[in-house]
Amino acid sequence: MKASEIVKKFGGTLVGPDIEIEKVSPPEDATPDSLVFLFEQGKEKEIRTRAGVLVCKEKPSVDVAHSYIIVSDPRKYMVQALSLFVKETRLNPGVSNEAYVDPTAKLGENVTVGQWSYIGYGTEIGENTVIYPHVFIGDNVKIGTGVKIYPFVYIGNDTFIGNRVVIHSGTKIGTDGFGFLKTQEGYLKIPQVGRVVIEDDVEIGANCAIDRATIGETRIGKGVKLDNLIQIGHNVTVGEHTVMAAQTGIAGSTKIGKWVMMGGQVGVADHLEIGDRAIIMAKSGVSKSVPPRKIYEGYMARERRQYLKSRSLFDRLPEFVERLKRLEREVFGNETENTEK
Amino acid sequence: MKASEIVKKFGGTLVGPDIEIEKVSPPEDATPDSLVFLFEQGKEKEIRTRAGVLVCKEKPSVDVAHSYIIVSDPRKYMVQALSLFVKETRLNPGVSNEAYVDPTAKLGENVTVGQWSYIGYGTEIGENTVIYPHVFIGDNVKIGTGVKIYPFVYIGNDTFIGNRVVIHSGTKIGTDGFGFLKTQEGYLKIPQVGRVVIEDDVEIGANCAIDRATIGETRIGKGVKLDNLIQIGHNVTVGEHTVMAAQTGIAGSTKIGKWVMMGGQVGVADHLEIGDRAIIMAKSGVSKSVPPRKIYEGYMARERRQYLKSRSLFDRLPEFVERLKRLEREVFGNETENTEK
Amino acid sequence: MKASEIVKKFGGTLVGPDIEIEKVSPPEDATPDSLVFLFEQGKEKEIRTRAGVLVCKEKPSVDVAHSYIIVSDPRKYMVQALSLFVKETRLNPGVSNEAYVDPTAKLGENVTVGQWSYIGYGTEIGENTVIYPHVFIGDNVKIGTGVKIYPFVYIGNDTFIGNRVVIHSGTKIGTDGFGFLKTQEGYLKIPQVGRVVIEDDVEIGANCAIDRATIGETRIGKGVKLDNLIQIGHNVTVGEHTVMAAQTGIAGSTKIGKWVMMGGQVGVADHLEIGDRAIIMAKSGVSKSVPPRKIYEGYMARERRQYLKSRSLFDRLPEFVERLKRLEREVFGNETENTEK
């Protein structure tokens, strides 16, 4: 691919020769045939070997590349330009003879179903959707258009999936919620008869688990992005455009607002509400509801400012205890020493 | 399904017309053809549109449904009634031609083996057990009767699984324990030659990992219920009727008692003992053994009452430090101010 | 297997009759046909029934076995001897007719490819490598010799895997990194065009997720051992011989040194550096870089000694607050009581 082709597609000004680009590289691994992105001026020092083409806001003073594409927002430009370098696995088009598609299932135009994938009774799949090999889709599932479902994904009966959803490998959707009734003899299973709804433009990482509702719905709102190994309990609602980093878990019936951001390994207890645009820092344990737009952090999460204040004093506890002892000596004299544990 | 059919099956008194029920709904989404459960009087205010049939302890004063089923314990009644609404995927009965069943394997009456499932050498499966498509079961595995194993489950060689066990999609049982011997040149693998035993009536969620023992057994006791994404290390024992919420992990050789309850994202270190009926609150880190019937909580878990006391004082640390400074000013005068960091 | 055969293979001195060994047992479950290992003198008291053959440093004073193999390092001996008792699943050798191997793929001598496994365009697999049933390997993947890949593993396009690597069931390698650009209308996906490199002798547990780099590489160094359910973000580097216990997660672009040890459920934030031979205790949250050889612990991890000191004072906070109040009463008299919250 020539540098000029990228410029023709996405704009920007090419300065220098029209280099042939073979690959995209991080600055430190640049080679004369690679495309490199520079987000901050100054970072060009990381480029050891002259890059082929450097996308940047302004040409650096040092000559670190053979050519430059000058753009107003290198980060946004990268999002576009990288799409030219994505390589999807070359699946055979159409429905594989080795897949099982129930006779009652309805597939739209140009649907791909890979080898050994199972499409259940009454399931409908919209046009241009790609089902990789090794996918299990149960009965009465509705899947929109332009969806991509990677290998080893399980989609339980009655799940609804919108358009342009991407589900990465190994994620399970519509598995039973964790509901049991305690009795003297043991736990009785509460049958989980609800479903999961995934709205448009959601992307879900690898090896997640999203449980069906006991009754009603577990719902993942439009544009939500979930990282890997995330747990979403039954009857949880995740609002539009919320993002969660890896290994986070949301317990049953909690309602998460829109545009919320959660770090990795966060745990949110059941039946809480997390307000719109709240931010939950990584590894926080959220045991009470969080108001909109607040930033929470901590093992028992509190407002971040408050948490960090207590936390910095926690680090200084040995000092405070020394000062407490000094006061005691001064006020009570030596006799306190003996009562000290 | 008519309301009267439910009453005939599970008891209760039908008050009002014999409505045709199409589905089960949560109170807030009730419709005239839906069955709704009311656990607490007062909650009927959540019902905006008149429900078809309301299961409740006594008829609410407001007329929120077309009919009522009056029962003594609505929660227990729900467990029974919901079973009528569960829809299992309509698998083809019997053993699929596209499955691999080793000639030495023994299958009981009425066993289902879905497409592309693998049943290894010498493996035995009891009657009425359902193996979904895409299941891998290794050699010399024993599986009881009435078991249900969902897609993408891996069951390693020599695993024993009792009766009526349910294993949800993506769970791996009998994978190697994490055992390595450190040497100057690197880590040597300690071969993991033990096995996993899953007793009767266990239910295991999605995408869990239960490792085989190094030597001997990893054992999950009768009636244990595990949520999703749980890690059980090698040689762990989990006692009867213990429950664990999602993303909890138990390190090697730890012994967990009976009727223990663990919240989500709990971590328990290796070689500990958790006593019968102990409760470990969500996200706790357990680094020492827990006596029976105690409630533990915290990042380094302590008895809950003790933890919460320290924890609430942690939140007030800024105040205490102010009070400490005030004392210092009073006792030592201004000179202390200078030594303050 | 006779005791003498083990001695012939791995050395040691056989004392007593040449017993026929049927299995390996933990001390407490020893039987007259079992091989038992004794790491510490004194632990032989756990042996209730006389073992067949006991591997130990010196013959215990009590006669707990029928025969003894006397060795200098029982733990190292175990690593060797156990290898005789490992039972791999008896897969049909060669490439299954029910697998899909792209015509452009190149397979070395003596490669096994199980049923329903997918080998993509241009992928190369070295000799003696075993691909279990139900594995998905994308395009242009390079896999070395003597590798073992268990069922339900996904390996994305362009991944490089060295020699003697073991990947346990359900692990996903080369899935997209979690990269999105926030805009007013929602998050734009940053295409993930980098790859994953797994060096020689790495072992990866079950249900892990290792993301491909945005640009460049995610790299797992030689001899690294990862437990189950671990998350490795995009562009992470893990140095040689580092080990991580289950459910640990490493956020994007973090560089982890060599011979690092991490406990379970550790979280490491993005763009940090963890120095060589550092130790991170279980469940720690690492929010800043860690120097080489340091031991870190805590929710916001600090040097272990410092953390434990603050932590033990945290447990004693109620006592310190009482002492603070006593001082206030002494210094200020009763009027302070009223200001007390």
Side-chain angles (χ1 to χ4, degrees), chain A residues 98 100 102 116 118 120-121 134 136 138-140 152 154 156-158 170 172 175-176 178 180-181 186-194 207-209 211 213-216 229 231 233 235 247 249 251 265 267 269 285 287 299-300 302 306 309-310 313-314 316-317 319-320 323-324 327 330-331, chain B residues 24-26 28-29 37 75-76 78-79 82-83 85-90 98 114-116 132-134 150-152 166 168-170 201 203 205-207 222-223 225 227-229 240-241 243 245-247 263-265 282-283 298-299 311 314-318 320-321 324 327-328 331-332 341:
Chain A
E98 291 167 81
Y100 173 81
D102 193 277
W116 325 297
Y118 181 105
Y121 176 90
H134 300 117
F136 183 91
D139 298 343
N140 297 310
F152 313 120
Y154 169 90
N157 301 338
D158 302 319
K172 317 306 179 200
T175 40
D176 279 355
F178 194 62
F180 297 91
L181 191 69
Y187 288 86
L188 291 179
K189 182 178 179 68
I190 301 173
Q192 305 287 307
V193 305
N207 282 351
C208 296
D211 282 347
T214 310
I215 296 171
L229 290 161
Q231 152 74 3
N235 293 83
Q247 296 179 318
Q265 296 186 342
S287 52
Y299 175 78
M300 269 183 168
R302 297 286 181 265
Q306 181 198 338
K309 197 160 185 189
S310 282
L313 299 177
F314 170 88
R316 290 172 63 195
L317 276 178
E319 173 205 330
F320 297 128
R323 284 161 63 181
L324 185 67
L327 273 166
E330 182 71 19
V331 171
Chain B
V24 188
S25 300
E28 65 275 17
D29 297 332
F37 296 88
R75 217 175 281 270
K76 213 162 199 172
M78 180 182 78
V79 172
L82 286 186
S83 67
F85 295 87
V86 169
K87 289 174 232 150
E88 287 286 340
T89 304
R90 305 190 189 195
E98 292 167 80
Q115 293 93 329
W116 325 298
Y132 269 71
H134 299 116
Y150 284 91
F152 313 121
V166 177
H168 287 283
S169 184
D201 300 308
E203 184 157 345
N207 282 353
K222 184 170 159 40
K225 310 297 179 190
D227 200 348
N228 303 328
L229 289 161
E240 293 178 11
H241 304 302
V243 293
Q247 296 179 316
Q265 297 186 341
K283 224 175 170 67
Y299 175 77
R311 172 61 218 213
F314 170 87
D315 281 344
R316 290 172 62 196
L317 275 178
F320 296 129
V321 172
L324 185 67
L327 274 166
E328 287 173 332
V331 171
F332 300 118
K341 269 154 275 180

Practice problem: Would you check if B:E203 and A:F180 make a side-chain contact, meaning some heavy-atom pair closer than 4.5 Å? | Solution: yes
Quiz item: Under 4.5 Å between any side-chain heavy atoms of B:L324 and A:F320, yes or no?
Solution: yes
Quiz item: Thinking salt bridges, do A:D158 and B:K87 make one under a 4.0 Å N-O criterion?
Solution: yes
Quiz item: What closest approach, in Å, do A:F178 and B:D227 show between heavy atoms, and which atom pair accounts for it?
Solution: CE1-N, 3.4 Å
Self-check item: From CA spacing to verdict: side-chain hydrogen bond (donor to acceptor under 3.5 Å, both in side chains), B:D315, A:S310
Solution: CA-CA 6 Å; B:D315 281 344; A:S310 282; 4.8 Å; no
Quiz item: Which answer fits A:N140, side chain, backbone, both or neither, if we ask what part of it has an atom under 4.5 Å from a heavy atom of chain B?
Solution: neither
Practice problem: Please flag which part of A:E330 lies under 4.5 Å from any non-hydrogen atom of chain B: side chain, backbone, both or neither. | Solution: side chain
Practice problem: For each of A:Q247, A:Q192, A:K189, tally heavy-atom pairs with chain B at distances under 4.5 Å, and name the one with the top tally. | Solution: A:K189
Quiz item: Between A:L313 and chain B, which part of the residue has a heavy atom less than 4.5 Å away: side chain, backbone, both or neither?
Solution: both
Quiz item: For A:Y118, which residues count as a ring pair (Phe, Tyr, Trp, His ring centres under 6.0 Å) partner, sequence neighbours excluded?
Solution: A:Y100, A:F136
Quiz item: Is it the backbone or the side chain of B:H134 that comes under 4.5 Å from a heavy atom of chain A, or both, or neither?
Solution: side chain
Practice problem: Return the set of residues passing salt bridge (Lys or Arg N to Asp or Glu O under 4.0 Å) with A:K309 (not counting sequence neighbours), or none when no residue passes. | Solution: none
Quiz item: Checking A:D102 against chain B: side chain, backbone, both or neither under 4.5 Å from a heavy atom?
Solution: neither
Exercise. Write down the atom of A:N207, the atom of B:L229, and the distance for their closest heavy-atom approach.
Key: O-CD2, 3.5 Å
Exercise. Answer with side chain, backbone, both or neither: which region of B:F152 has an atom nearer than 4.5 Å to a non-hydrogen atom of chain A?
Key: side chain
